[in-house]
Novice: 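This is the structure, below, for whatever I ask next.
Numbered from 1 within each chain, the chains take letters A, B, ... in sequence-line order. Below, all heavy atoms of this structure are taken into account, side chains as well, without hydrogens, waters or symmetry copies.
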Amino acid sequence: MKIATWNVNSVKARIEAIRLWISEAAPDVLCLQEIKCANEAFPRSVFEDLGYNCAIHGQKTYNGVAILSKRPLEDVAAGLPGCDDDDHARYLEAAVTCGTGVIRMASVYAPNGNPVGSNKFDYKLRWLERLTARAKQILKQEEAAAFMGDFNVIPSSEDCHDPAAWVNDALFQPESRAALRRIEHEGYTDAFRTCNTQTHQFTFWDYQAGSWQKDHGIRIDHILLTPRATDCLKTCAIDKHIRGREKPSDHVPVWCELEL
DNA sequence: ATGCCGACAGGATGTCGA
């Protein structure tokens with residue numbers, strides 16, 4: 001089973017790019033972030049024509065996440081528990097039944113949090129705490145699960161081109177990195193880091209300052225697996241070449257193959 | 001240099017992203 005995540009920076013602006021990547025990569029599940037449209041504006045029929053079921057947690061203009069799956073999506077739940085007045089569409093969960101059982105998927109779009117010291121940074125840390133709480137709940141069920149998406153956290157210095165350029169950024173604050181580590185310490189595995197020892201492997205390159213041309217990127221899109229899912233992990237990769245295409249998202253797809 | 005690019009809403013240019 002091939003599962004993937006991609007922050008597309010507007011599903012409408014990226015529809016042809018997504019269609020092309022799906023036809024080449026043929027993921028069984030694709031978690032999307034920053035779809036930037038309401039549920040009713042989501043181009044559902046494009047994906048249904050490609051053989052996917054759609055679960056959508058949309059929002060006009062900002063945020064918005066979705067899960068596409070060749071198999072039926074069950075037990076769909078939109079929103080992260082723990083804060084009733086959070087109106088950002090940043091989290092969507094669904095379960096997929098496969099040959100050997102059920103795997104739960106979460107499409108994750110953590111807040112950016114800049115500037116540091118602002119209420120946006122507080123919101124980011126609180127949001128990551130709520131994500132950790134949900135991750136712990138799922139861990140208790142002892143089922144296969146994958147948290148996939150844009151966590152907006154650079155895990156270590158080796159996950160960016162120049163750490164000095166990021167020291168004042170919310171994505172690289174010790175508190176942000178600790179929040180991601182806390183999820184891992186609960187028992188989750190960073191699929192990419194487990195499968196790849198190479199440093200400086202990025203998932204995001206800014207549109208500005210020739211970041212792509214200079215390979216000045218950061219690794220902020222992650223797949224975190226429960227132990228049961230990690231036991232099935234075969235490969236994990238970043239489809240870097242997608243960033244070099246016409247009208248690209250600033251993020252590229254990350255995927256892993258699970259022997260499920 | 002809180003910019004450089006790009007999407008969005010709206011119909012100019014400010015907000016947001018990371």
Novice: With respect to the side chain of A/Gln208, which nucleotide from B/dA7, B/dG17, B/dC8 is positioned closest?
Specialist: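 In terms of side-chain proximity for A/Gln208, the closest of B/dA7, B/dG17, B/dC8 is B/dG17.
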
Novice: Take atom CD1 of A/Ile35 and atom P of B/dC8, then tell me their distance rounded to the nearest Å.
Specialist: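 Roughly 12 Å, once rounded to whole Å.
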
Novice: Should A/Arg228 and A/Glu143 count as an ion pair when the cut-off is N to O under 4.0 Å?
Specialist: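 Salt bridge flag = no for A/Glu143 with A/Arg228.
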
Novice: Could you tell me whether the phosphate oxygens of B/dG6, OP1 or OP2, come under 4.0 Å of any side-chain nitrogen or oxygen in A/Arg14?
Specialist: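 Answer is no, no contact under 4.0 Å.
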
Novice: For A/Arg243 and B/dC5, what is the distance between atoms CZ and P respectively, to the nearest whole Å?
Specialist: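 Rounding to the nearest Å, CZ of A/Arg243 and P of B/dC5 are 13 Å apart.
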
Novice: Starting from the 5' end of DNA chain B, give me the residue, A/Val11 or A/Asp169, whose nearest nucleotide shows up first.
Specialist: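 Looking at DNA chain B, the more 5' nearest nucleotide goes with A/Val11.
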
Novice: Write down the distance between CG (A/Asp206) and C1' (B/dC5), rounded to a whole number of angstrom.
Specialist: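 Going from CG in A/Asp206 over to C1' in B/dC5 covers 7 Å.
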
Novice: On a whole-Å scale, what distance lies between the C1' atoms belonging to B/dA12 and B/dA7?
Specialist: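 These two C1' atoms come out 16 Å apart once rounded.
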
Novice: When the P atoms of B/dG10 and B/dG14 are compared, how many Å lie between them, rounded to an integer?
Specialist: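 B/dG14 and B/dG10 have their P atoms separated by 16 Å.
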
Novice: Over how many whole Å does the gap from A/Lys36 atom NZ to B/dC8 atom P extend?
Specialist: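 Between P of B/dC8 and NZ of A/Lys36: 6 Å.
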
Novice: What's A/Asn7 touching, base or sugar-phosphate or nothing? Going by heavy atoms closer than 4.0 Å.
Specialist: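 Sugar-phosphate, no base atom in range.
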
Novice: May I ask you to evaluate whether A/Ser10 reaches the phosphate of B/dC8, defined as a side-chain N or O under 4.0 Å from OP1 or OP2?
Specialist: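 Indeed, a polar side-chain atom of A/Ser10 lies that close.
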
Novice: Classify A/His251 by what it touches in the nucleic acid, base, sugar-phosphate, or nothing, heavy-atom distance under 4.0 Å.
Specialist: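 Sugar-phosphate contact only.
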
Novice: Below 30° counts as parallel, above 60° as perpendicular, anything between as tilted: where do the rings of A/Trp205 and A/Trp212 land?
Specialist: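 Correct class here is perpendicular.
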
Novice: How close do A/Ser107 and A/Ile67 get, counting heavy atoms only, and between which atoms?
Specialist: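 For A/Ser107 and A/Ile67, the tightest heavy-atom pair comes out as CB-CG1, 3.9 Å.
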
Novice: Please classify the nucleic acid contact of A/Phe151 as base, sugar-phosphate, or nothing, using heavy-atom distances under 4.0 Å.
Specialist: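 Touches nothing.
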
Novice: Of the options B/dG17, B/dC16, B/dC4, whose atoms approach the side-chain atoms of A/Arg90 most closely?
Specialist: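 So the nucleotide nearest the side chain must be B/dG17.
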
Novice: Side chain of A/Tyr207 only, please: which of B/dA9, B/dG6, B/dA7 is the nearest?
Specialist: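 So the side chain of A/Tyr207 is nearest to B/dG6.
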
Novice: Within the 4.0 Å heavy-atom criterion, would you say A/Asn168 contacts the bases, only the backbone, or no part of the nucleic acid?
Specialist: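 Here A/Asn168 touches no strand at all.
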
Novice: Taking atom P of B/dA7 as reference, at what distance in whole Å does atom CD of A/Gln59 sit?
Specialist: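 These atoms are roughly 19 Å apart.
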
Novice: For the C1' atoms, the ones on B/dC4 and on B/dA9, what distance do you get once it is rounded to whole angstrom?
Specialist: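 Nearest-Å result for B/dC4 against B/dA9 at atom C1': 23 Å.
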
Novice: If you only use heavy atoms from C-beta on, which nucleotide in B/dA7, B/dC16, B/dA9 is closest to the side chain of A/Lys120?
Specialist: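 Closest nucleotide among those given: B/dC16.
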
Novice: Quantified in whole Å, what is the P atom distance between nucleotide B/dA1 and nucleotide B/dC16?
Specialist: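 My reading of the P atoms in B/dA1 and B/dC16 gives 22 Å.
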
Novice: Looking at A/Leu225 and A/Ile223, what are the two nearest heavy atoms and their distance?
Specialist: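 The pair with the smallest heavy-atom distance is CD2-CG2, 3.7 Å.
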
Novice: Between A/His88 and A/Tyr123, does the ring-ring contact (aromatic ring centres under 6.0 Å, His included) criterion hold? Intermediate values first, please.
Specialist: CA-CA 11 Å; A/His88 292 203; A/Tyr123 172 61; 5.0 Å; yes

Novice: Using the ring of each side chain (for Trp, its six-membered ring), is A/Phe147 parallel, tilted or perpendicular to A/Tyr188, with breaks at 30° and 60°?
Specialist: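 The arrangement is perpendicular - the two ring planes meet at more than 60°.
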
Novice: Roughly, in whole Å, what's the span from NZ in A/Lys60 to C1' in B/dT15?
Specialist: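 So the NZ-C1' distance, A/Lys60 to B/dT15, works out to 15 Å.
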
Novice: Whole Å only: how far is the CH2 atom of A/Trp166 from the P atom of B/dG17?
Specialist: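 Distance check: A/Trp166 CH2 to B/dG17 P gives 14 Å.
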
Novice: What integer distance in Å separates A/Asp221:CG from B/dG17:P?
Specialist: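 Atom-to-atom, A/Asp221 to B/dG17, this comes out as 15 Å.
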
Novice: In whole Å, measure the gap between the P atoms of B/dG11 and B/dG6 for me.
Specialist: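 Pairwise P distance, B/dG11 against B/dG6, rounds to 24 Å.
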
